[in-house]
Amino acid sequence: NEAMDVTTGEVLPVEAAANAVVTVEEEQIQRDNGRERETPPEDDCCPICFSSFTVPCRGNCGHWYCGSCILQYWNYAAVSKPCKCPMCVRHITTLLPEASLQERQEQEVKEVLAKIRRYNRLFVGGLTGFLQKFKELPLLIKRMVWRMMDPDTNSMYFHEVRIFAMLMSTLYTAAEFSFIPTGGFRIVTVFDYGAIAMILILRVVGLYRRRRLAQRVRHIAAAELEPE
């Protein structure tokens with residue numbers, strides 16, 4: 001019995017040590033898998049530019065993109081909504097940069113990471129997201145103006161701009177201002193007509209810019225084709 005007790009006492013620590021080694025190995029495998037999920041596939045490329053990943057980031061849908069590519073793609077999406085993944089059409093509400101990028105010191109990388117953090121704050125959801133959108137109102141207005149100037153976009157944001165004009169007319173009336181000549185019209189009507197006129201003017205400006213750009217491209221192409 002004493003021999004058996006000694007044997008049992010020697011075996012149990014060995015088994016416990018073996019189990020501990022297996023547990024450590026499993027944890028290491030899980031950490032390795034986690035690191036693999038934090039980096040883009042080595043044999044893959046950005047689905048937008050079809051080049052190697054530059055400042056790679058992963059959407060909450062699981063697809064990887066260049067940070068600058070997916071942000072540029074968002075520029076053609078709705079102003080106050082997250083962009084849709086070009087691969088699976090899910091809304092990308094969160095962009096997760098590759099973990100190693102946090103240690104990079106290049107100015108270009110820092111600028112892209114800052115824009116990614118700004119994007120994530122806009123679409124965090126709830127009251128925090130609403131307050132963040134209010135804080136980033138200049139950015140959203142700038143995006144809306146550029147979208148209204150783009151001749152390729154179908155939406156001219158009549159609804160959104162007229163709501164904003166109604167809000168401004170309400171504030172104007174509540175503050176008892178009277179420096180805007182109404183010409184017999186109600187102040188709400190004046191702001192409404194002003195909003196519509198602004199939208200049409202921006203669209204005309206966009207068409208003019210597009211025409212000038214096309215002329216410039218033709219001149220450059222003609223200059224390159226002329227014999228020296």
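In this text, all values refer to a predicted model and were calculated from it rather than measured experimentally. Counting from 1, the numbers follow the sequence of the chain as shown.
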Notebook entry, point to check: Under a 4.5 Å cut-off applied to non-hydrogen side-chain atoms, are Val55 and Pro97 in contact?
Noted result: no

Check: Is any side-chain heavy atom of Pro82 less than 4.5 Å from a side-chain heavy atom of Trp74?
Finding: no

Check: Does atom CD of Glu42 have more than 12 heavy-atom neighbours, drawn from other residues, nucleotides or ligands, at distances under 6.0 Å?
Finding: no

Next item on the list: Scan for salt bridge (charged side-chain N to carboxylate O under 4.0 Å, His left out) pairs involving residues 191-201, sequence neighbours excluded, and state none if there are none.
Entry: Arg162-Asp192

Check: How close do Pro86 and Ile70 get, heavy atom to heavy atom, and via which atoms?
Finding: CD-CD1, 4.3 Å

Item checked: For Tyr65 against Ile92, the heavy-atom pair lying closest together -> CE1-CD1, 4.4 Å

Check: How would you list, by chain and number, every residue that makes a side-chain contact (heavy atoms from CB on, under 4.5 Å) with Ser52, sequence neighbours excluded?
Finding: none

Next item on the list: Would you name the heavy atoms of Val188 and Ser169 that are closest together and state the gap between them?
Entry: CG2-OG, 3.7 Å

Notebook entry, point to check: What's the spacing between Glu108 CD and Leu113 CG if we round to 0.5 Å?
Noted result: 10.5 Å

Next item on the list: Please name all residues satisfying ring-ring contact (aromatic ring centres under 6.0 Å, His included) with Phe53, sequence neighbours left out, ordered by chain then number.
Entry: none

Next item on the list: Taking the side chain as every heavy atom from C-beta outward, state whether Glu98 and Leu101 have any atom pair closer than 4.5 Å.
Entry: yes

Notebook entry, point to check: Under 6.0 Å from the CE atom of Met198, do we count more than 12 heavy atoms belonging to anything else shown?
Noted result: yes

Note to self: Any heavy-atom pair between the side chains of Cys61 and Cys85 that's under 4.5 Å?
What the structure shows: yes

Note to self: Whether the side chain of Thr189 engages the backbone of Phe185 through a donor-acceptor N/O pair (distance < 3.5 Å, no angle test) should be reported.
What the structure shows: no

Notebook entry, point to check: Can you find a heavy atom in the side chain of Arg58 that is under 4.5 Å from one in the side chain of Pro40?
Noted result: no

Notebook entry, point to check: Between Ser51 and Cys45, what is the shortest heavy-atom contact and its length?
Noted result: O-CB, 3.3 Å

Notebook entry, point to check: Any side-chain heavy atom of Leu95 within less than 4.5 Å of one from Arg117?
Noted result: no

Next item on the list: Identify the two heavy atoms, one from Asn60 and one from Arg90, that lie closest to each other, and give their separation to 0.1 Å.
Entry: ND2-NH2, 3.8 Å

Check: Side chains of Glu111 and Gln107: does their closest heavy-atom pair fall under 4.5 Å?
Finding: yes

Margin query: Are the side chains of Tyr73 and Ile48 in contact, using a 4.5 Å heavy-atom criterion?
Written below: yes

Next item on the list: State, to 0.1 Å, how close Tyr172 and Ile180 come at their nearest heavy-atom pair, and which atoms those are.
Entry: OH-N, 3.0 Å

